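Since the structure comes first, as structure tokens, the remarks are kept for the end.
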Amino acid sequence: MKIKLFALAILFVAIFQACTSSSFKQNIELKASEPGLIKEVDSIVIHKMNQYNIPGLSIGIIKNDSIIYSKGYGIRSIKNRGLVTENTVFHTASISKLFTAVAIMKLAEQNALRIDDKLVDILPDLLYNDKRVKEISIKNLLNHTSGLPDIGNYHWENYNQSDNSLKEYVLGLSLQLESEPNTEYHYSNLGYDILGHVIEKASGTSFDDFMKKHILNPSGMHQSDFRHFKIADSLQTAPHSKHWLSGNVYTRKTYPYTREHAASSTLNSSSKELSKWMISFLQLLENPKNGKNYAAMLAPSFESYPYMGLGFQLGKINAKNTIGHYGGDKGFRSYLLMIPEEKIGLVVLANCDYHEDFRQEILHPIAKRMLSKYKEH
């Protein structure tokens, strides 16, 4: 009887919230814009935002060494209605993993570690009862073949800011594997959080400081940071979800941030600064000194799952190889995509977590249009 009453109470609260929450309906009008690709981009983005009721979205597009388009659409929050621009900062979720992977390769380039090193040799204080942990290499963490499980609860509400958060989290774990290392592909955010502490150990500084100094700033990403509390209030966006009953859009109370999950999930950035990074990374690949080292990240790294490089998710568009990563956490969705052969890059960021197919429904047609456009020339 008590269980039934409790269930009814929960249902009543849900119905009350659904009925009393303010409804939001996106209705952006397509204004006159430059003919050609830019007009097509605006048309695709605005159509999808209205179709899926997306509060705010930002897109960046590069070709060769230039940002050819970077623009914000909609609002940062349905509460304050501040406008999104190309400089507005979003939680990028798993796009973060690309930066963590690049940092590992940079440390390998500096001979601070090797990707074939065993994890336990770099982090001898790790706790585990499963002896198979001894066989995990850095490469296994990069391509999700470590056998480690994913994270069940991120505890974003903790909002840890301490410099020791990541270290305490990793060294407080008791690792147990789901499979033998290097035998199966299991996507693991936990593996990337551990890579964050590997970066700390190899560099002698905090993960966030290393990333800011050696990865973000050199690419011109001066407003971006893995620490949400470092982002200016005027640039921030709010996370949005939909009520399961009414379908009404609402602002989430908790922003998806806590410092121990930085390496897997907490890069905060804008479409403009991610566009700068895409240019920087594609230039890095062409560097005769170390380009081959980074190019190894783009090749299939596990025979049984050829869609994963080292950090990068791999695919094809119009028979062209693509690299990048999807991102998604509570209140946010993102997608970064590059076509290295054509020196093309695209990124989309949004402050909602529903109807997530809008990411490829926006970027893939634009990428195909660009491939067609530049083929003609």
Side-chain angles (χ1 to χ4, degrees), residues 92-130 132-156 158-178 181 186-216 225-230 256-268 297 310-311 329:
T92 71
S94 286
I95 287 177
S96 307
K97 293 181 176 67
L98 299 180
F99 290 77
T100 298
V102 168
I104 289 290
M105 300 306 288
K106 186 173 188 65
L107 288 167
E109 179 189 340
Q110 297 171 349
N111 296 316
L113 54 74
R114 297 176 304 169
I115 65 169
D116 291 324
D117 284 343
K118 298 301 183 186
L119 175 61
V120 294
D121 291 336
I122 299 177
L123 302 180
D125 295 332
L126 273 177
L127 299 178
Y128 55 92
N129 292 320
D130 191 331
R132 297 176 297 177
V133 170
K134 294 180 180 180
E135 300 305 314
I136 297 174
S137 68
I138 301 305
K139 181 179 179 180
N140 293 145
L141 296 173
L142 286 169
N143 67 4
H144 302 283
T145 60
S146 65
L148 287 167
D150 203 357
I151 295 170
N153 189 331
Y154 289 83
H155 296 288
W156 296 125
N158 291 344
Y159 204 85
N160 290 332
Q161 300 180 35
S162 166
D163 285 347
N164 294 323
S165 294
L166 177 57
K167 177 182 177 180
E168 291 173 357
Y169 171 69
V170 171
L171 297 186
L173 298 167
S174 181
L175 300 181
Q176 185 73 33
L177 304 189
E178 294 186 341
H186 291 293
Y187 189 83
S188 177
N189 285 280
L190 175 58
Y192 267 77
D193 288 340
I194 293 173
L195 280 175
H197 188 43
V198 167
I199 290 169
E200 291 184 329
K201 194 78 171 183
S203 67
T205 187
S206 75
F207 169 80
D208 312 83
D209 284 339
F210 181 86
M211 300 302 289
K212 187 67 175 176
K213 181 177 180 180
H214 297 283
I215 307 296
L216 301 182
D225 208 294
F226 282 80
R227 296 160 291 196
H228 176 246
F229 55 90
K230 294 279 188 177
Y257 177 76
T258 192
R259 199 165 183 177
E260 57 265 34
H261 299 310
S264 68
S265 308
T266 78
L267 175 63
N268 289 267
M297 303 176 71
L310 299 179
D329 275 320

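On a predicted model such as this, the values are computed, not experimentally measured, just so you know.
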With rounding to the nearest 0.5 Å, note down the distance linking [atom1] in [X] to [atom2] in [Y].
X	Y	atom1	atom2	result
Trp156	Ser265	CH2	OG	4.5 Å
Asp150	His186	CG	NE2	11.0 Å
Leu267	Phe99	CG	CZ	5.5 Å
Tyr128	Ile136	OH	CD1	9.5 Å
Tyr257	Phe229	OH	CZ	4.5 Å

Quiz item: For His144, what residues pass the ring pair (Phe, Tyr, Trp, His ring centres under 6.0 Å) criterion, not counting sequence neighbours?
Solution: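 Ring pair (Phe, Tyr, Trp, His ring centres under 6.0 Å) list for His144, sorted by chain: Tyr185, Tyr187, Tyr192.
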Quiz item: What do the steps show when you test Thr145 against Asn143 for side-chain hydrogen bond (donor to acceptor under 3.5 Å, both in side chains), and what is the final call?
Solution: CA-CA 6 Å; Thr145 60; Asn143 67 4; 2.6 Å; yes
Quiz item: Backbone N or O of Ala93 within a donor-acceptor pair of the Ser96 side chain at under 3.5 Å?
Solution: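 Indeed, once roles are kept as given, a pair shorter than 3.5 Å links the two residues.
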Quiz item: So which pairs with a foot in residues 160-174 pass salt bridge (charged side-chain N to carboxylate O under 4.0 Å, His left out), sequence neighbours left out?
Solution: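 The answer is Asp163-Arg259.
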Quiz item: How would you list, by chain and number, every residue that makes a side chain to side chain donor-acceptor pair (under 3.5 Å) with Gln176, sequence neighbours excluded?
Solution: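 Side chain to side chain donor-acceptor pair (under 3.5 Å) list for Gln176, sorted by chain: Asp130.
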Exercise. Name all residues meeting the side chain to side chain donor-acceptor pair (under 3.5 Å) criterion together with Asp209; count only those two or more places apart in sequence or in a different chain, and write none if there are none.
Key: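 Applying side chain to side chain donor-acceptor pair (under 3.5 Å) to Asp209 gives Ser206, Arg227.
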Would you list the atom pairs, donor with acceptor, under 3.5 Å between side chains in residues 114-122 and any protein atom, with sequence neighbours excluded?
| residue | atom | partner | partner atom | Å |
| --- | --- | --- | --- | --- |
| Arg114 | NE | Asp117 | OD1 | 3.1 |
| Arg114 | NH2 | Asp117 | OD1 | 3.2 |
| Asp117 | OD2 | Arg114 | N | 2.8 |
| Lys118 | NZ | Glu135 | O | 3.3 |

Exercise. Check whether the ring centres of Tyr169 and His197 lie less than 6.0 Å apart, and answer yes or no.
Key: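 No; His197 has its ring centre 6.0 Å or more from that of Tyr169.
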Quiz item: So Asn189 and Tyr154, side-chain hydrogen bond (donor to acceptor under 3.5 Å, both in side chains) or not? Walk me through it.
Solution: CA-CA 10 Å; Asn189 285 280; Tyr154 289 83; 2.9 Å; yes
Quiz item: Would you say Lys212 has more than 12 foreign heavy atoms packed within less than 6.0 Å of its NZ?
Solution: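 Buried by this count: over 12 neighbours within 6.0 Å.
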Quiz item: Which residues pass the side-chain contact (heavy atoms from CB on, under 4.5 Å) test with His214, sequence neighbours left out?
Solution: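 For His214 the side-chain contact (heavy atoms from CB on, under 4.5 Å) partners, ignoring immediate neighbours, are Lys106, Phe210.
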